[in-house]
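Down below is the structure, laid out as structure tokens.
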Amino acid sequence: MRTQLKQLGFGYDWDRELATCDPDYYRWEQWLFTRLMEKGLVYRSQATVNWDPIDQTVLANEQVIDGKGWRSGAPVEKREIQQWFVRITDYAQELLDALDGLDGWPEQVRTMQRNWIGRSEGVEMRFGIEGSDETLEIYTTRPDTLMGVTYVAVAAEHPLARRAAEDQPALAAFIEECRKGGTSEAEIETMEKKGHPLGLNALHPVTGEAVPIFAANFVLMGYGTGAVMAVPAHDERDFHFAHKYGIPIRPVIVPEDWKDLAMEVTSADGTPAESRPVVAVLGDASRVPLDWSHWDARFEQKGVLINSGPFSTLTSADAFESIATWLTEHEKGRKRVNFRLRDWGVSRQRYWGCPIPVVNGPDGGLRPETDLPVRLPESVVVDGSGSPLKKMPSFSDLPGGEIRETDTFDTFFESSWYYARYCSADCDTAMLDERARYWLPVDQYVGGIEHAILHLLYARFFHKLMRDEGLVGCDEPFARLLTQGMVVAETWYREDPDGRKQWINPAEVETERDEKGRLVRAWLTADGLPVTFGGIEKMSKSKNNGVDPQVLTERYGADTVRLYTMFTSPPEQSLEWNDEGVEGAFRFLKRLWWLATTEAQTIRGAGDPPVSDLDEAAGEARREIHGVLKKARFDYERQQFNTVVSGCMTLVNVLYKLDPDSPARGSILREGLAIVLRLLAPIAPHITHHLWRELGFGEDILGSTWPEVDADALVQSMIDYVVQVNGKLRDSVKVPADADRASIEAAALASENARRFIGDATVRKVIVVPNKLVNIVAN
RNA sequence: GCCCGGGUGGCGAAACUGGUAGACGCAAGGGACUUAAAAUCCCUCGACUUCGGUCAUGCGGGUUCGAGUCCCGCCCCGGGCACCA
């Protein structure tokens, strides 16, 4: 890979090369971790993982396919194990607030991070439990719907549910059922929502009303308090759950403009409107009824409270405050800010990775390892079940009955600070030294959009941890961010007899397609036997659908590969790789080469183009050249490199078409090539460097100055105006550049086609867009 | 399911804040040069057309003198969803 990067001409400083698996690197993140332990920023807690009961190993979410282990095929179970966590939630507010200042970042990424952190303002409160002194703590962002609570749901593994299950076999079976399946949010959110009553009631904090408690498979113990209040009338999931289990639906909110009617009904007899159209209750047939027999997105909207006792007639916003105050005064709850963001679980039960530098004492105590680095053993037995380190006493067993932690860090730990280590790559006395303060933040960070949330959030967090250790001087790691689109490619696979997928590289697959491009059949080149299409996905090692640029580099050279890659689409956009167009990039560089070398003598002997007395065609050529330059500079600034390349192609086309008899030809060639070589230098450095010298412009193109636009060259004496009639293109007219509005209008109205299309109609209005068009509105 | 993007010719794409849709390329077709091929150069290239035009930027509505661009509602594709990294 190093050879390939060098061949492609990337200007890296190889003295700063580092490998995150090197103990000289990872010892410093071990050191930081021990500092965080001392500061109380790490803790150990139970967390749920995917467990493969056959292979006896923890599975990554990616390794759970349709609820089964990817290797064993066994149904995956949830299992609680001790894990290390870093308190990223302590930094949630800062991570959120600082996004506003990251104006060099794409708004898209900032939005994703804001949503991920998910700050919400709500109320936490306690429900009593009938016949018990215990309480259930819940959090809601919609306290205005509190009076519509008709049940409460807890996680299947909630202690209350476990205890209730002791003498209820059906409930115990349900809890067992909930253990099946993976832990990913996508899986939990898309599975069928199920529940089972505990046979216990919760007591409403305001009314004291008893509502049933259910164990539910969509409530997770690890997130929040493991319990939620449910308002079927105003939450879609609760609504469907209530229908399924015959739980009452009690509407407590109606649209705000129904306020007067709402007051009528609540003051009339106080009869709950359960399951009856609210309009019928309100007695106004002219309104569109809200019928609670089917879900309607309007139910979730805020409005005015009804059926809510003392809070009826309040708006949702006022009710939020009133209910929060009521709960606070009665010591049953309070307002609270909540974050969706959860603490960072950094433990992995795998061999690869940096060992977590902690020692378990014989008395159960924990201490940070002081003798760093804790090296990852290099010779281990990998038997496919569990972590090899756990079965390696030479690693884990320490004198005095102490046992070393055998979990390793999440590999995001390594990728969260490598950018900073580049500044101090050779420092062996500290994680970072004063050079990191000098260089950071990174001016321009480039990475795939798939890292928009996790990697970029962890790196921002890590940076703040290092800042608080005094290691870096700034608050954020990356001043500007460019998120590349994915390079996606087809995936192909074959299944083993036991159902495992073997991924095959697209380069080894041949296909036959019908005239509409649909796949007819596909086979492996090597054996001619069929392979299965697995969809188009981002290139990855696990799906074996990467493309090796080496073949193209050998055939066309580094500059062609670089140019084509830049030309084929803008960097943010995802791209289905296809090298069919690479010939065009190669052809362009050959044209550039041919022009420069055959005209070298002319160019070397030419001077600057005369500014005033150019013939018309030469003036037009200069206008085009400087027009391209102006746009290319703009496109470089907005990082749209594909149009920089097409601009350069246009510029070379202009130079090819110069009138061979024009006296200005030599000087325009000279000016044009001097511009195009510098515009292309960052993209195709090798050829431009050579031609720059060849044409006598200088020794090193990288040391030259950026070309400047000649504003005089852009001046036009006549301007083409498009003439539209009723918004449709009908004609165009040439107008002197200094013409006033009236004469532009007159010219447009006088044009032949405009007159034809206006016909007998009356001209109502004429719109003039300066330097662009005239639209005549007539009817 | 939720969050973020995207959908424009046969293909990759362009169109700066609403103002000539398809720049620049690829592929294809025709021609020149050549014994021939490669390379190179020139021309054509969204659809339909009565050759006046008409239609066309995923689908259906809307705002506007004017919509690929703005608004509302859908469909499809990609990325992420905390243990792929």
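These numbers were taken from a predicted model, which means no experiment stands behind them. In what follows, chains are A, B, ... by sequence order, proteins preceding strands, each numbered from 1.
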Please classify the nucleic acid contact of [X] as base, sugar-phosphate, or nothing, using heavy-atom distances under 4.0 Å.
| X | answer |
| --- | --- |
| A:A186 | base |
| A:L341 | base |
| A:F412 | base |
| A:V777 | sugar-phosphate |
| A:S347 | base |
| A:H451 | base |
| A:R110 | nothing |
| A:N775 | base |
| A:V58 | base |
| A:R756 | sugar-phosphate |
| A:T650 | sugar-phosphate |
| A:E450 | base |
| A:W116 | base |
| A:Q640 | sugar-phosphate |

Q.
Please compare A:Q573 and A:N753 by the position of their nearest nucleotide in RNA chain B and report the one closer to 5'.
A. A:Q573
Q: Could you pick out which residue, A:L729 or A:D635, lies toward the 5' side of RNA chain B when each is mapped onto its nearest nucleotide?
A: A:D635
[X] [atom1] to [N] [atom2]: how many Å, rounded?
| X | N | atom1 | atom2 | value |
| --- | --- | --- | --- | --- |
| A:E80 | B:rC83 | CD | P | 15 Å |
| A:Q484 | B:rG78 | CD | P | 20 Å |
| A:E580 | B:rC26 | CD | P | 12 Å |
| A:K772 | B:rA67 | NZ | P | 17 Å |
| A:M221 | B:rA82 | CE | P | 19 Å |
| A:N653 | B:rC24 | CG | P | 7 Å |
| A:E187 | B:rC2 | CD | P | 17 Å |
| A:K543 | B:rG78 | NZ | C1' | 13 Å |

Taking [atom1] in [X] as the centre, count heavy atoms belonging to other residues, nucleotides or ligands within less than 6.0 Å. Is the count above 12?
| X | atom1 | value |
| --- | --- | --- |
| A:K78 | NZ | yes |
| A:E620 | CD | yes |
| A:R555 | CZ | no |
| A:K657 | NZ | no |
| A:R633 | CZ | yes |

[X] side chain: which of [options] is closest?
| X | options | answer |
| --- | --- | --- |
| A:N642 | B:rA13, B:rC84, B:rA15 | B:rA13 |
| A:F567 | B:rC83, B:rC55, B:rG25 | B:rG25 |
| A:S184 | B:rA82, B:rA14, B:rG79 | B:rA82 |
| A:R591 | B:rU20, B:rC41, B:rG78 | B:rC41 |
| A:R587 | B:rA15, B:rC16, B:rC26 | B:rC26 |
| A:T190 | B:rG1, B:rC84, B:rA14 | B:rG1 |
| A:V49 | B:rC83, B:rC55, B:rC24 | B:rC83 |

(Q) Given the structure, check if the side chain of A:R350 and the base of B:rC83 hold any donor-acceptor pair shorter than 3.5 Å. (A) yes
**Q.** Base B:rC83 to side chain A:Q349, donor-acceptor N/O within 3.5 Å cut-off
**A.** yes
Q: Name the orientation of the base relative to the sugar in B:rG79: syn if the glycosidic angle is within 90° of 0, else anti.
A: anti
Q. What form does the base of B:rG9 take, syn (within 90° of 0) or anti?
A. syn
Expressed in whole Å, how much space separates the [atom1] atoms belonging to [N] and [M]?
| N | M | atom1 | answer |
| --- | --- | --- | --- |
| B:rC51 | B:rU35 | C1' | 44 Å |
| B:rU57 | B:rA47 | C1' | 14 Å |
| B:rC45 | B:rA23 | C1' | 15 Å |
| B:rA14 | B:rG66 | P | 28 Å |
| B:rA21 | B:rG6 | P | 23 Å |
| B:rC3 | B:rC55 | C1' | 38 Å |
| B:rG22 | B:rC33 | P | 34 Å |
| B:rG9 | B:rC4 | C1' | 29 Å |

Taking only the side-chain nitrogens and oxygens of [X], find out if one of them lies under 4.0 Å from OP1 or OP2 of [N].
| X | N | result |
| --- | --- | --- |
| A:R340 | B:rC81 | no |
| A:K590 | B:rU40 | yes |
| A:R348 | B:rC83 | yes |
| A:R342 | B:rC83 | no |
| A:S646 | B:rG25 | no |

Should [N] form a Watson-Crick or G-U wobble pair with both distances under 3.5 Å, which nucleotide is its partner?
| N | answer |
| --- | --- |
| B:rC81 | B:rG1 |
| B:rG68 | none |
| B:rA15 | none |
| B:rA56 | none |
| B:rC41 | B:rG31 |

Q) What about A:F218 and A:F241, are their ring centers closer than 6.0 Å? A) yes
Q) Can you tell which of A:W344, A:W84, A:Y26, A:Y458 makes a ring pair (Phe, Tyr, Trp, His ring centres under 6.0 Å) with A:F413? A) A:W344
Q. Within 45 degrees of the axis of the six-membered ring of A:Y25 and under 6.0 Å from its centre: does A:R421 put its NZ or CZ there?
A. no
Q. Is there a side-chain contact between A:I776 and A:K765, using heavy atoms and a 4.5 Å cut-off?
A. no
Q. Does any donor atom in the side chain of A:Q640 or A:T643 lie under 3.5 Å from an acceptor atom in the other side chain?
A. yes
